[in-house]
Every structure is written in C-alpha cells, then in structure tokens.
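Some notes on the structure that comes next.
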2 protein chains.
Amino acid sequence: MAVALDVFDRKLLAEVQRDAHTPQNELGARVNLSTAAVNRRLRRMADDGVIDRYTAVVSPEKVGCPLTIVTTVEVESEQIDLLDTMKRTFELCPQIQQCYYVAGEWDFVLILTVRNMEQYNDLTRQLFFANNNVKRFKTLVSMSRVKVGLNVPVELDE
Amino acid sequence: MAVALDVFDRKLLAEVQRDAHTPQNELGARVNLSTAAVNRRLRRMADDGVIDRYTAVVSPEKVGCPLTIVTTVEVESEQIDLLDTMKRTFELCPQIQQCYYVAGEWDFVLILTVRNMEQYNDLTRQLFFANNNVKRFKTLVSMSRVKVGLNVPVELDE
DNA sequence: TCTGAAAATGGACCTTT
DNA sequence: AAAGGTCCATTTTCAGA
C-alpha cells in the first residue's frame with residue numbers, strides 16, 4: 001500500500017501541501033532538482049496516488065458558512081447494509097465535510113460546515129431524527145477553527 | 001466578512017474545490033465564461049480570501065500514516081493564556097491535521113494522522129499526560145475515512 | 001472579449017550511476 | 001534500468017487594448 005519515497009519526494013510533498021501553486025522551477029530551486037525532475041516526480045506521485053488530487057481551500061466564512069460543527073453519532077445496529085446506506089447518506093450531504101467511522105464510545109464523527117444553527121437543526125432532522133438507526137448523537141459547536149487542513153506529516157531529515 | 005458571489009463564482013468554486021488543476025479554458029467551457037473572465041474571477045477570489053490557498057491532498061496510507069484518530073480533550077482551566085499556549089502546541093504538532101475549540105461536553109476536538117498506535121501513544125504523553133491543564137481526553141480510532149475533505153458547500157442554482 | 005506575450009508544463013533526447 | 005539534466009514544443013496564465 002505505502003510507496004517508497006526519497007527525501008526529494010518528501011520535500012516536494014511538504015511544499016505542495018503548503019502551496020500547490022508554487023511553480024516547478026521554484027520547487028526545483030528549493031529542493032535542489034531541475035524543473036524536469038520535479039515535473040516527473042510530481043507526475044509519478046500523482047499516478048501512484050500519493051498525491052490524491054489538487055484542491056482549492058475555500059474560506060467558509062467568506063462564502064457564508066461560518067459555522068463549523070462536530071457531531072458524534074451512535075447507531076442502533078451495526079448491520080453492514082444499514083451502515084453502508086448511512087455512510088452513503090453522509091457522503092452525499094454537502095454540508096458534511098468529513099465523516100469518520102470510528103471505534104470507541106461513538107460510531108461516527110462528522111465535521112459539518114453550515115450557514116447557521118437553523119440549517120444545522122434542519123440537517124439533524126434529516127440525518128438523525130428521521131433515521132431509525134441513529135440511537136443518539138452529540139453536537140459540539142466550534143468556537144474557533146484553531147487548525148484546519150488535510151496535511152499529512154512527512155519526514156524531511158536524512 | 002462574507003463576500004458577494006454570483007452564480008459564476010460559485011460554480012467556479014465548486015469546480016476548483018473538486019480539481020484545482022482544471023485549466024481555466026476548460027473551466028470557462030463548463031461555466032460558460034471566457035478564459036480571461038475565469039482568470040480574473042479566480043484571482044479576485046484569491047485576493048479577497050475566498051480562496052484561501054491551493055493545496056495537494058496527499059494520501060495518508062501511501063506515505064505511511066494509515067491511522068486516523070479523533071481525540072476529544074477536556075481542559076482543567078479555560079484561562080485565556082493557558083488555552084492559547086495549548087492551541088499553539090496543537091497547531092505546531094504536524095500529526096494534528098485539525099483542531100477545533102468547541103463548546104459542549106469537550107473543549108477541543110483533534111483530528112490526527114499517525115504512523116501507528118505507538119506514535120499516537122507517544123503523542124498522548126507529550127500532548128496530554130505532560131500537560132497539567134488537560135483534565136481528560138478520549139480517543140476514537142477511525143476504522144474508515146468515509147469522507148474526507150475541506151469542501152465548502154456552494155449553492156449552484158439560480 | 002480578443003489577442004499576444006510571458007510563464008509554466010511536460011516530452012524528447014542524451015548522460016550518469 | 002532508473003533517474004538527472006538540457007533543450008524545445010505545447011499549454012496555460014494573465015495583462016493590455
């Protein structure tokens with residue numbers, strides 16, 4: 001599953017996670033590699049799935065979704081097909097940025113981005129109250145997005 | 001805080017959140033706009049902070065960080081400077097992808113990406129056990145990353 | 001919106017290990 | 001073979017008319 005990555009690859013990953021718009025010649029200067037080599041490595045990592053995709057990170061506040069909410073969900077039954085339809089529902093809900101199926105006190109952890117409390121309230125009805133398989137859920141309202149990203153740590157030494 | 005966005009802007013945001021490497025002429029074709037118009041709109045949204053940054057999404061599994069963990073933390077005291085140093089500590093930890101300061105049963109929700117349980121265990125020592133202001137914390141180990149992203153929902157109608 | 005210059009990407013080809 | 005470098009064609013970005 002994991003892919004062999006040398007120091008150059010890891011440095012490049014750190015750079016493009018920080019800023020994917022850095023031109024390849026600039027990246028080359030930073031990691032000590034020609035533009036062409038940078039190009040090849042980035043392409044290879046994209047082909048290998050090491051780089052999953054490139055994306056624009058949008059500010060939720062600026063587009064009118066200032067409210068971030070973390071919701072934990074406990075299900076009634078962990079029957080496979082019930083879980084699967086539940087996962088699908090969560091995946092399809094645009095306000096759900098992230099959904100983790102977890103072991104522990106809860107079954108799902110959701111990260112939501114919503115316009116306001118009313119919208120969240122509506123969503124709880126659709127997603128939880130209307131779903132027989134939701135035993136209970138807990139809402140944690142974010143007061144501050146202290147750190148937000150999907151950056152994966154990479155070792156830069158050696 | 002929020003910025004006025006028309007349908008074109010919102011469609012563009014949806015596109016670049018999906019794939020930031022789509023060329024601007026292609027984007028133009030999709031939303032019915034000239035390349036130059038797309039260029040200007042994207043630049044303006046970046047200048048306005050609507051688009052915060054561009055980033056490469058790296059697969060944690062492929063780089064040897066297959067374990068995602070959600071941790072909730074309750075603090076002893078909510079004294080401002082204690083909270084601030086705590087936030088700073090979380091921000092600086094590379095394995096913490098996300099940190100939300102929340103209202104409710106817990107004070108912080110963390111999303112971590114780690115190599116293995118041992119590394120997580122080490123981190124709990126550093127971050128929680130060594131910190132007097134951590135009253136308790138709970139660990140939820142992710143069995144499946146059902147949906148992962150930072151996509152912000154945008155209305156495409158009208 | 002169109003046109004064209006500047007910048008960036010990515011392939012061809014040769015060299016090194 | 002695998003990976004680097006240089007050079008060149010193509011594509012993409014981006015500003016001026």
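Each chain gets a letter, A, B and so on, in the order its sequence line appears, and its residues count up from 1. The structure displayed is predicted, hence computed values, not measured ones. The basis for the numbers below is simple: all heavy atoms, side chains too, and nothing from hydrogens, waters or symmetry mates.
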**Report entry** Closest-nucleotide 5' rank along DNA chain C - winner of A37(B) and T35(A)
**Finding:** A37(B)

Query - Separation of atom CG in N32(A) from atom P in dG4(D), rounded to whole Å - result: 12 Å

Query - Length of the line joining N39(B):CG and dG4(C):C1', which is rounded to integer Å - result: 14 Å

**Report entry** Flag side-chain contact, heavy atom, 4.5 Å: F137(A) against L110(A)
**Finding:** no

Query - Sugar-phosphate, base or nothing in reach of A36(A), heavy atoms under 4.0 Å - result: base

Report summary line: Rounded to whole Å, the NE2-P distance (H21(B) to dA8(C)) equals 13 Å

Query raised in the report: What about the rings of F108(B) and F90(B), do their centers lie closer together than 6.0 Å?
Result: yes

Query raised in the report: With a non-hydrogen cut-off below 4.0 angstrom, is S34(B) in contact with a base, only sugar-phosphate, or nothing?
Result: sugar-phosphate

Query raised in the report: Looking only at side-chain N and O atoms, does R41(A) come under 4.0 Å of OP1 or OP2 in dG4(D)?
Result: yes

Query - pair V141(B)-V70(B): side-chain heavy atoms closer than 4.5 Å - result: no

Report summary line: From CG of L33(A) across to P of dT9(C) the rounded distance in Å is 14 Å

Report task. Indicate whether any N or O donor in one side chain lies under 3.5 Å from an N or O acceptor in the other, for Q98(A) and Y100(A). Result -> yes

Query raised in the report: With sugar-phosphate meaning primed atoms plus P, OP1 and OP2, does R40(A) contact a base, only sugar-phosphate, or nothing at under 4.0 Å between heavy atoms?
Result: base

